[in-house]
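Here's the structure we're looking at; comments come further down.
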There are 2 protein chains.
Amino acid sequence: MEKTDVYIDFERSLGPWIGRTSKMVDYYIQEALEKHGLDLTKEQMVVLKKVNDQNGLNQNELAFLTYRDKSSLARLLAKMEKKGYLYRQQNADDKRINEVFLTPMGQDIFQECKVVINKIIQTIEKNIDESEIQQMIRILKKVQQNFSGGLPD
Amino acid sequence: MEKTDVYIDFERSLGPWIGRTSKMVDYYIQEALEKHGLDLTKEQMVVLKKVNDQNGLNQNELAFLTYRDKSSLARLLAKMEKKGYLYRQQNADDKRINEVFLTPMGQDIFQECKVVINKIIQTIEKNIDESEIQQMIRILKKVQQNFSGGLPD
DNA sequence: CCCATATAGTTGCACGTGCAACTATAGTTA
DNA sequence: TAACTATAGTTGCACGTGCAACTATATGGG
């Protein structure tokens, strides 16, 4: 390679490491959910947890809080509603709004889910001490801030 | 919340931070590619780079090296072949094998791509010094190792 | 030589994604 | 009240994903 060539060392940079680790975390979560016999995807789990924590949120709020497009959220809700985990209730004052609630069945599923979530957290953070976790989160925040300014020209 | 309740603080744990940052990185890359007028997705870029670095890999190797299922890879290749970025050549000795090569057009696209990749690396790592990057990669490796043992019971 | 097994690649399926266009309702202003 | 605008949610589209079943070619043993 010539000196003037732009050297690409993407592998040694943060991006691919974050991406690959994220992918592994996702696989692990999916596997853990299946192993516990839960009929849930990782994405559905995130929505289930959010609805459990804050009952009655509308779809736009839920989409924002779970970092997805409102159309993606609508489709997740449709599937979870079909499985009987939650229901959408039209707001009487503003008929455009659907408020989302867990069914008793959804609440039960979430109780099971909590066990899995805790197991996941323990596995991810095994052999990593609290100071390292804080350090890591601090740097990840920096990375996120680096994108807030938009694209450089 | 009762003391006996399993407290879930997923938000303060590493998992969601890694996932969200990864998502932001992906959006950023996609945006950067579009802004440079490159008709490429982030995933196609990864494949393009790998084929550029190692010409003549077969599909299985390429799938392994880019961390995807061989079927996902096959579909990426089909799209990139259709756009004229690469071609697949059946191995004469073992007709099951396709070896993958960049076309001249694919090589040109990759040259453009390099500029974008370097811009991405710079943006991600802005205000983060080398020791922090090394620290981060060290912890991410630990997280990945935590999954290698399979699921705990 | 033939059959069983292994391997490379493809295809069908169900999942999730964002964007853009669309419907319906709400609110505001002439 | 009618018209314009904003907002919540849905739908079509193209993208990418893994798994399982499938085809075709290779290989090794009886």
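Note that the structure is predicted; figures quoted are calculated from it, not measured. Per chain, numbering begins at 1; letters A, B, ... match sequence-line order.
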Distance, rounded to the nearest Å, where [X] contributes [atom1] and [N] contributes [atom2]:
| X | N | atom1 | atom2 | answer |
| --- | --- | --- | --- | --- |
| A:F64 | D:dT7 | CZ | P | 15 Å |
| A:K70 | C:dA21 | NZ | C1' | 11 Å |
| A:D94 | D:dG9 | CG | C1' | 11 Å |
| B:E61 | C:dA8 | CD | C1' | 11 Å |
| A:N58 | D:dT10 | CG | C1' | 15 Å |
| A:D39 | C:dA14 | CG | P | 14 Å |
| A:M24 | D:dT17 | CE | C1' | 17 Å |
| A:Y27 | C:dC15 | OH | P | 17 Å |

A:N60 side chain near D:dA8 phosphate (N/O to OP1/OP2, under 4.0 Å):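 For A:N60, the contact criterion (side-chain N or O under 4.0 Å from OP1 or OP2 of D:dA8) is met.
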Distance test, side-chain N/O of B:T41 to OP1/OP2 of D:dG16, below 4.0 Å: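 Checking B:T41 against D:dG16: at least one side-chain N or O falls below 4.0 Å of OP1 or OP2.
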Comparing A:D69 and A:K23 on DNA chain D - which has the more 5′ nearest nucleotide: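 The answer here is A:D69.
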Heavy atoms from other residues, nucleotides or ligands near NZ of A:K126 exceed 12 (cutoff 6.0 Å):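 More than 12 heavy atoms, drawn from other residues, nucleotides or ligands, come within 6.0 Å of this atom.
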Closest to the A:R68 side chain, choosing from D:dT25, C:dG16, D:dG9: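 Closest of the options to the side chain of A:R68: C:dG16.
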Given C:dA26, C:dG16, D:dA8, the nucleotide with the shortest approach to the side chain of A:E43: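 Of the candidates, C:dG16 comes closest.
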hbond_proxy A:R96 side chain to D:dT7 base (donor-acceptor, 3.5 Å cutoff):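 Answer is yes: a donor-acceptor pair is held.
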Mind checking whether [X] and [Y] have side chains closer than 4.5 Å, heavy atoms only?
| X | Y | answer |
| --- | --- | --- |
| A:I137 | A:K141 | yes |
| A:E130 | A:E125 | no |
| A:Y28 | B:N146 | no |

From B:Q89, B:Q59, B:Q90, residue fulfilling side-chain hydrogen bond (donor to acceptor under 3.5 Å, both in side chains) relative to B:N98: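 Of the listed options, the one satisfying the test is B:Q59.
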Check ion pair B:R88-B:E99 (N to O, under 4.0 angstrom):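 A salt bridge is absent here (no side-chain N lies under 4.0 Å from a carboxylate O).
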Straight-line distance of A:I109 CD1 to A:K114 NZ, nearest 0.5 Å: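 Going from the CD1 atom of A:I109 to the NZ atom of A:K114 covers 14.0 Å.
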First encountered from the 5' end of DNA chain C, between A:S72 and A:D93: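 Closest to the 5' end, via its nearest nucleotide, is A:S72.
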Position toward the 5' end of DNA chain C (nearest nucleotide), A:Q90 or A:L73: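 Result: A:L73.
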Sugar-phosphate, base or nothing in reach of A:Q44, heavy atoms under 4.0 Å: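 Contact class for A:Q44: sugar-phosphate only.
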Sugar-phosphate only, base, or nothing, as touched by A:K95 at under 4.0 Å among non-hydrogen atoms: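 A:K95: backbone/sugar contact only, no base atoms under 4.0 Å.
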Between B:Y85 and B:T103: side-chain donor-acceptor atoms closer than 3.5 Å: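 Judged by distance alone, the side chains do not pair up.
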Sub-4.0 Å heavy-atom contacts from residues 74-83 of chain A onto DNA chain C, ordered by number: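 Close to the strand are A:R75, A:L76, A:K79.
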